[in-house]
Amino acid sequence: MTFDLTPEQDQLRDAVRALGRRYGHSYFVAKAKSGEHTTELWAEAGRLGYLGVNIPTEYGGGGGGITDLAIVCEELAAAGCPLLLLVVSPAIAATVLNRHGTEEQRKRHLPGLADGSQKIVFAITEPEAGSNFHRLGTVARRDGDGWLLSGRKCYISGVDEAGHVLVVARTEDSSTGKLKPALFLVPTDAAGLTRSKLDMEIVSPENQFLLYLDDVRLPADALLGESLDAGLPALFAGLNPERITVAAMGAGTGRYAIERASEYTATRKVWGGRTIGSHQGVSHPLAHAAVQVELARLMIQKAATLYDAGRDLEAGVAGNMAKYAAGEAAALAVDTAVQVLGGAGMTTEYGVATLLGAVRAGRIAPVSREMILNFVAQHVLGQDKSY
Ligand SMILES: Cc1cc2nc3c(=O)[nH]c(=O)nc-3n(C[C@H](O)[C@H](O)[C@H](O)COP(=O)(O)OP(=O)(O)OC[C@H]3O[C@@H](n4cnc5c(N)ncnc54)[C@H](O)[C@@H]3O)c2cc1C
């Protein structure tokens, strides 16, 4: 195992860091508070090829792996721009399409995902099913050559910015018993698809939605893949990229918070000539958070390396652990940063409390810390399934 990035990955890291810093956290917050999106940043990142780093070159991407996309996620977050749609569109949707879509679907969608002109969001969560996707109630019924989709989805990110939603449904003949999922590419303007925006306590330019699918009529080629058998592997194909990139976003956010806090505590003086950072009650919590973030980064690197080497099962364990570690570390880092900044920590100007909601959500979504612990208990420790 090597701890070094390739020279190209080093260059990518530097270039994405520079891009992120040109926009910065104040840009991200201003967009969130005015109800706008980070359109300029997304478009520039797309033009520079950063959104398609993991997409094969024949579809307009950079031909790299999830290590490269994790670098993009981490560095933009470390610059104060944690973009959740990187996890949804290039990580989940592009991977699923590339690995299990038809050639026609790849040609139609991947170039737009690579240059950022298109986004595809992902809808699995449902009000009744929650963490238990075996209970999914969104049903796909045959309609001539095509399909009719009905159901409800919740907390779906970025529907207002996307051309398509990748909807996870179950076919009518599997509406009871074991889930046989089927994935559909549903245009966001499809007749019968409506949405309502959820009010979330997260300062973010990206929004979450309730989706209602009321007999949404779809052509045969809206089904992802060559046949219904593509559904289950396609669903699993998105999991590792999702875990790894969301972990990278958490690690970047943790780094951002620790950097803001360290700058402050290294200069702020309230007791004679000493900086507050000279007091161990201030510096140790920051140092502890820095250790946790660095440990999470190490696990992200392991997970991404295993994934890019095609070792999906091992990447699954490492990716879940990385996601858990980064979620906890990001929450700790932001909370610690707020604390050591004192009153300044709660201001918008210092730009750390603005991340409290996002890092809190990172312990719940896209997979909760409890479901990861269930996975580790069962698959690593050999315990009986508890649910
Ligand atoms: C900001 C944000 C963005 C999101 N974006 C998307 C998106 O784009 N697409 C999408 O499909 N979904 C999205 N989600 C949904 C997210 O994936 C779910 O919220 C998450 O999977 C948890 O599901 P739930 O909210 O239904 O919680 P529930 O399943 O109701 O669980 C509630 C609590 O109980 C715990 N729990 C449940 N079952 C068990 C068990 N067996 N053992 C131990 N603990 C358990 C959970 O860990 C959790 O703490 C988003 C959520 C948020 C907050």
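Indexing begins at 1, ligand by ligand and atom by atom, following the structure's order.
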Ligand-protein N/O pairs under 3.5 Å (ligand 1):
| residue | atom | partner | partner atom | Å |
| --- | --- | --- | --- | --- |
| ligand 1 | 5 (N) | Tyr155 | O | 2.9 |
| ligand 1 | 5 (N) | Ser157 | OG | 2.8 |
| ligand 1 | 8 (O) | Ser157 | N | 3.0 |
| ligand 1 | 8 (O) | Ser157 | OG | 3.3 |
| ligand 1 | 9 (N) | Phe122 | O | 2.8 |
| ligand 1 | 11 (O) | Ile124 | N | 2.9 |
| ligand 1 | 11 (O) | Thr125 | N | 2.9 |
| ligand 1 | 11 (O) | Thr125 | OG1 | 3.1 |
| ligand 1 | 12 (N) | Thr125 | OG1 | 2.7 |
| ligand 1 | 17 (O) | Pro366 | O | 3.1 |
| ligand 1 | 21 (O) | Pro366 | O | 3.4 |
| ligand 1 | 29 (O) | Ser131 | N | 2.7 |
| ligand 1 | 29 (O) | Ser131 | OG | 2.6 |
| ligand 1 | 42 (N) | Asn374 | ND2 | 3.0 |
| ligand 1 | 47 (O) | Ser368 | OG | 2.6 |
| ligand 1 | 47 (O) | Glu370 | OE1 | 2.7 |
| ligand 1 | 49 (O) | Glu370 | OE1 | 3.2 |

Would Arg260 count as a cation-pi partner of Tyr256, with NZ or CZ less than 6.0 Å from the six-membered ring centre and within 45° of the ring normal? yes

So CG of Asn207 and CG of Asp199: to nearest 0.5 Å the spacing works out to 9.5 Å

Could you list the residues that satisfy side-chain hydrogen bond (donor to acceptor under 3.5 Å, both in side chains) with Ser386, not counting sequence neighbours? none

Please name the pair of heavy atoms, one in Pro127 and one in Arg152, separated by the smallest distance, quoted to 0.1 Å. CD-O, 3.8 Å

For side-chain contact (heavy atoms from CB on, under 4.5 Å), just list the numbers for Leu355 and His25, CA-CA rounded to whole Å, side-chain angles, deciding distance to a tenth of an Å, and then say yes or no. CA-CA 10 Å; Leu355 290 163; His25 190 59; 3.8 Å; yes

For Arg217, I'd like to know if atom CZ has over 12 heavy atoms of other residues, nucleotides or ligands within 6.0 Å. no

